[in-house]
Amino acid sequence: MIAVNQTVPCPRCMGTIEINVHELINGGKFTCQTCSSVIAIATERKEIVGESMAKFQELKDLKNKK
Ligand SMILES: [Zn+2]
């Protein structure tokens, strides 16, 4: 299991932003305590999900061929 509470470096000030993985996956946003930048991973998450779904489909196709 991945720890729910993690920290990520702020892209703007390189400070530390505490994030909750569950909230992040659900489209939550997190604010940097240092510079008030708001970070969210929604767009990247969709890409990651799309990619893993494609891989999953590949595996299924391979299995069906055997
Ligand atoms: Zn910051």
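Quick caveat, the model's predicted, so the values are computed rather than measured. We use all heavy atoms of the structure for the numbers below, so side chains are in, but hydrogens, waters and symmetry mates are not. The residues of the chain are indexed from 1 along the displayed sequence. Atoms within each ligand, like the ligands themselves, are counted from 1 in listed order.
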- [ ] Check the pair Phe30 / Asn20 against side chain to side chain contact (heavy atoms under 4.5 Å, CB included), numbers first and verdict last.
- [x] CA-CA 9 Å; Phe30 300 89; Asn20 178 296; 4.2 Å; yes
Open item on the list: Could you measure the distance from the CD atom of Glu23 to the CG atom of Asn5? Nearest 0.5 Å is fine.
Closed with: 8.5 Å
TODO: Hey, could you give me the SG/CD1 distance between Cys10 and Ile39, rounded to the nearest 0.5 Å?
DONE: 7.5 Å
- [ ] Return the set of residues passing side chain to side chain contact (heavy atoms under 4.5 Å, CB included) with Gln33 (not counting sequence neighbours), or none when no residue passes.
- [x] none
Task: Thr7 vs Ile19 side-chain heavy atoms within contact, under 4.5 Å - done: no
Open item on the list: Applying side-chain hydrogen bond (donor to acceptor under 3.5 Å, both in side chains), can you list everything that pairs with Ser37, at least two apart in sequence or on another chain?
Closed with: Arg12
TODO: May I ask you to list the protein N, O or S atoms found at less than 2.8 Å from the Zn ion (ligand 1)?
DONE: Cys10 SG, Cys13 SG, Cys32 SG, Cys35 SG
